**Student:** 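Okay, handing you the structure first.
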Amino acid sequence: MTQVLAADAEGCRAAGEALRAGELVAFPTETVYGLGGNARDGKAVAGIFAAKGRPSFNPLIVHVIDLAAAEPLAEFSDAARALAARFWPGPLTLVLPRRADAGVSELVSAGLPSIAIRVPGHPVARAVLAAAGVPVAAPSANPSGRVSPTTAAHVRAGLDGRIAMIVDGGPCRVGVESTVLDLSGGDPAILRPGGVTPEDVSAVLGIPVGFAPPPAADGPLLSPGMMASHYAPAAPVRLDAIEVAPDEALLGFGAVAGATLNLSPRGDLGEAAANLFAMLRRLDEGGYRAIAVSPIPDRGLGLAINDRLRRAAAPR
Ligand code: TXA
Ligand code: MG
């Protein structure tokens, strides 16, 4: 049985202690719920892959409380420090050259010479990290390939009985995962669009920052979040829908008529991102033949929303 803890001081302390002891604990971040394990403990990290049923070539994001806790894990360039100063704590993950003496499980990096690090801004995540006192590897707390969780109930629906604890901190504010930015060598490139927009990153670096090209079919997987089918509800997803069939659900955006659910009736991309995964789940539970989705503008957080929707719609 998975224990559900209140996100109070006692719950966060208990969660931190369990993490340090090698147990798996799900906790809220501002983006989505994470499935945490002690990054220094290879058995705990392996347990994350097992609980998620995740292909083991996927590297994990290591969560730490601040830049000072991140520095011993990776080589920080001036650009990396500037981005950390601007966006940490917050929804930006930096992929950096891993330090030889990082002292975290090799499995975290899945054999890559880099490591992904993020400093979350959610007060509950921060309290849990402070109590844990160790770097915490945490992918989204969902079975592999499924929609990411933005509430404790979502986590329980996917992972009950497979992890020790869930800290219930209510719904996540941002709703899509962090932006993953590759600073491990070569030109900076976004591996996964997310809570921090490409414009935000470009403004700090003073150069335009684009998306990494998709990996060659037989090449190494640069960021496994780039796997085509991902974030998939059980029902097929149809994008850029203008019309909707009688047996389809319509996930609307903006002032559309006849939406079964609407991501943001007023057309706000932040509100839409926060609603995305929970609404996909609710529609999936409705037993529709398919989920049709209104067009979403491809700018700002819309880039992250469309990225997740394209994966949800990809052939499986
Ligand atoms: O918002 C988030 O980032 C959430 C919360 C829990 O913090 N976490 C999350 O983790 O989404 P996960 O494991 O579902 O996604 C990690 C992403 C994947 O796209 C993975 O490929 C990429 O980060 N990644 C991790 N380490 C990497 C590395 N060394 N090189 C390239 N990509 C890496
Ligand atoms: Mg995920």
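In listed order, ligands and their atoms are each counted from 1. The chain is numbered in sequence order, starting from 1. Predicted model only: the values in this text are computed from it and were never measured.
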**Student:** Please confirm whether E177 comes within less than 3.5 Å of ligand 1 when only nitrogen or oxygen atoms on both sides are compared.
**Tutor:**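 No: no nitrogen or oxygen of E177 is under 3.5 Å from one in ligand 1.
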
**Student:** Record the part of L191 in heavy-atom contact with ligand 1 below 4.0 Å; permitted values are side chain, backbone, both and neither.
**Tutor:** side chain

**Student:** Under 4.0 Å, heavy-atom basis, I'd like to know which part of A138 is in contact with ligand 1: side chain, backbone, both or neither.
**Tutor:** backbone

**Student:** Quick one about S114 and R98 (side-chain donor to acceptor, distance below 3.5 Å, no hydrogens or angles considered), yes or no?
**Tutor:** no

**Student:** So which of R192, R98, R118 gets nearest to atom 17 (C) of ligand 1, if we judge by its closest heavy atom?
**Tutor:**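 Looking at heavy atoms only, R192 sits closest to atom 17 (C) of ligand 1.
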
**Student:** Under the side-chain hydrogen bond (donor to acceptor under 3.5 Å, both in side chains) criterion, do T31 and R173 qualify, and how do the steps go?
**Tutor:** CA-CA 6 Å; T31 57; R173 180 177 59 79; over 6 Å; no

**Student:** Quick one: does D247's side chain have a donor or acceptor within less than 3.5 Å of a partner on R289's backbone?
**Tutor:**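 Side chain of D247 to backbone of R289, a donor-acceptor pair under 3.5 Å: no, none is there.
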
**Student:** Assess whether a salt bridge exists between R308 and E177, defined as any Lys/Arg side-chain N lying under 4.0 Å from an Asp/Glu carboxylate O.
**Tutor:** yes

**Student:** Using a 4.0 Å cutoff against the non-hydrogen atoms of A116, which atoms of ligand 1 qualify?
**Tutor:**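 Every atom of ligand 1 under 4.0 Å from some heavy atom of A116: 25 (C), 26 (N), 27 (C).
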
**Student:** Nearest heavy atom to atom 10 (O) of ligand 1: which of S184, A74, P139 does it belong to?
**Tutor:**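 Selected option, by shortest heavy-atom distance: P139.
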
**Student:** Please confirm if an N, O or S atom belonging to S140, backbone or side chain, lies less than 2.8 Å from the Mg ion (ligand 2).
**Tutor:** yes

**Student:** Looking only at side chains, do S178 and R192 share a donor and an acceptor under 3.5 Å apart?
**Tutor:**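 Looking only at side-chain atoms, R192 and S178 do form a donor-acceptor pair, the distance falling under 3.5 Å.
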
**Student:** Could you pull out, from C172, P59, G34, the option with a heavy atom nearest to atom 27 (C) of ligand 1?
**Tutor:**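 Looking at heavy atoms only, P59 sits closest to atom 27 (C) of ligand 1.
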
**Student:** Please report the shortest heavy-atom distance between L181 and L92, naming the atom on each side.
**Tutor:** CB-CD1, 4.1 Å

**Student:** Are any of the N/O atoms on Y33, whether in the backbone or the side chain, positioned under 3.5 angstrom from an N/O atom of ligand 1?
**Tutor:** no

**Student:** Any atoms of ligand 1 less than 4.0 Å from a non-hydrogen atom of V180? List them with their elements.
**Tutor:** 23 (O)

**Student:** Under 4.5 Å between side-chain heavy atoms, counting indirect links through other Ile/Leu/Val/Met/Phe/Trp/Tyr residues: same cluster for I166 and V25 or not?
**Tutor:**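 No, no single cluster joins them.
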
**Student:** Does any N/O atom on S140 come nearer than 3.5 Å to any N/O atom on ligand 1?
**Tutor:** yes

**Student:** Could you list which atoms of ligand 1 come closer than 4.0 Å to a heavy atom of L112?
**Tutor:** 28 (C), 29 (N), 30 (N)

**Student:** Closer than 4.0 angstrom, basic N to acidic O: yes or no for E71 and R81?
**Tutor:**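 So E71 pairs with R81 through a salt bridge.
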
**Student:** For ligand 1, which is the ligand I care about here, please tell me if S178 has any N or O atom under 3.5 Å from one of the ligand's N or O atoms.
**Tutor:** yes

**Student:** At less than 4.0 angstrom from any non-hydrogen atom of H63, what atoms of ligand 1 do you find?
**Tutor:** 5 (C), 6 (C), 7 (O)

**Student:** Is any side-chain N of the basic residue among R126 and E30 closer than 4.0 Å to the acidic one's carboxylate O?
**Tutor:** no

**Student:** State the atoms of ligand 1, each with its element, that fall below the 4.0 Å cut-off from a heavy-atom position in S114.
**Tutor:** 28 (C), 29 (N), 30 (N)

**Student:** Does D240 use its side chain to pair, donor to acceptor, with the backbone of V293 at less than 3.5 Å?
**Tutor:** no

**Student:** Considering only heavy atoms, which of V95, L96, L181 lies nearest to atom 30 (N) of ligand 1?
**Tutor:** V95

